[in-house]
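For reference, the structure is listed below as structure tokens.
We count ligands from 1, going down the list as the structure has it; atoms in each ligand are counted the same way. Remember, predicted model here, so these are calculated numbers, not experimental data. FYI, the numbering just counts along the sequence from 1.
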Amino acid sequence: MPELPEVETIKNELLPHIVGRCITGITLFWEGIVRQPSVQEFCSRLIGQRITNVARRGKYLILGLTSSEVLIIHLKMTGSLLIKPASAEPTKFTRAILHLDKETQLRFRDPRKLGVMWLVEDKNTIVGKLGPEPLEAGFTPQLLLKRLNNRTAPIKALLCDQTFIAGIGNMYADEALFAARIHPLRSGKNLSPEEVERLHSAIQHVLWSAISNKGASVKGASVDTYLRPGGELGTAQFQFRVAHYISGRLCPVCGNPIERIPIRNRGSYFCPRCQAL
Ligand SMILES: [Zn+2]
């Protein structure tokens with residue numbers, strides 16, 4: 001699933017192609033992609049608008065429009081946004097096309113059809129409940145410590161909870177916990193201030209590093225792979241130390257086999273020696 005670094009990369013790479021551009025038409029191959037309002041209203045309200053801005057909040061992309069409404073997009077498990085010339089044939093997994101002026105198209109590609117779009121007046125109706133942004137100045141070790149107070153859930157589950165902290169999912173939670181040497185099942189409230197400081201720094205480090213590598217395309221040549229807007233793959237997966245390990249991989253620090261345990265139905269990868277309970 002695209003997480004913060006992937007969505008941030010998509011935002012950065014879409015910006016020069018779509019800001020200032022006018023939406024001239026919409027083609028929906030899968031109407032279920034429009035969550036709000038009705039499909040008809042979605043199309044009639046969007047057509048004729050100019051895109052004024054592209055922002056990210058957590059794993060959501062937020063496109064500002066001249067009407068001051070916003071188009072919010074969540075890519076879920078397998079969504080990508082691709083910039084294509086109008087002359088290119090849509091492919092099998094193209095679910096929606098935003099036709100832009102100058103013969104350009106913004107295409108929503110989504111093999112598993114889980115991605116969603118909303119057109120709303122107030123973005124907070126969709127993103128208002130998200131936790132703090134981990135790369136913003138307000139996210140300090142003190143804030144993280146405060147938010148962990150009384151939280152009994154496993155730290156891995158908290159890191160993946162979008163209302164606790166925005167943008168982190170399974171891959172970057174595993175990477176951050178490994179870098180901070182914290183077992184994924186530790187209860188949030190039991191982390192020491194020193195561990196919280198390590199975790200804070202690890203979160204920022206793994207996210208920035210993944211952004212500089214344009215996100216992670218972990219599934220290689222599979223149709224479900226994350227793609228950048230130009231269709232390229234990200235390379236952040238090559239920096240991963242535990243996330244999405246292949247069976248039998250050894251810890252890059254101590255040589256112990258990496259283990260996998262289920263936490264809230266997601267596989268968590270960790271080194272039982274470096275991240276002892
Ligand atoms: Zn280890």
> Among pairs that include at least one residue of residues 125-158, which meet ring-ring contact (aromatic ring centres under 6.0 Å, His included), considering only residues two or more places apart or in two chains?
Replying inline: Phe139-His200
> Is Arg151 positioned over the aromatic face of Phe164, cation under 6.0 angstrom from the ring centre and no more than 45 degrees off axis?
Replying inline: no
> Ring centres of Phe240 and Phe178 under 6.0 Å apart?
Replying inline: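 Ring centres of Phe178 and Phe240 not closer than 6.0 Å.
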> Is any protein N, O or S atom closer than 2.8 Å to the Zn ion (ligand 1), and if so, which?
Replying inline: Cys251 SG, Cys254 SG, Cys271 SG, Cys274 SG
> Is the closest side-chain donor-acceptor distance between Ser268 and Lys156 under 3.5 Å?
Replying inline: yes
>> Test of understanding: with side-chain hydrogen bond (donor to acceptor under 3.5 Å, both in side chains), list the residues that count as partners of Arg95, not counting sequence neighbours.
In response: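 Testing Arg95 for side-chain hydrogen bond (donor to acceptor under 3.5 Å, both in side chains), a comparison that skips the adjacent residues, returns none.
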>> The criterion is salt bridge (charged side-chain N to carboxylate O under 4.0 Å, His left out); which residues satisfy it with Arg21, sequence neighbours excluded?
In response: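 So Arg21 forms a salt bridge (charged side-chain N to carboxylate O under 4.0 Å, His left out) with Asp101.
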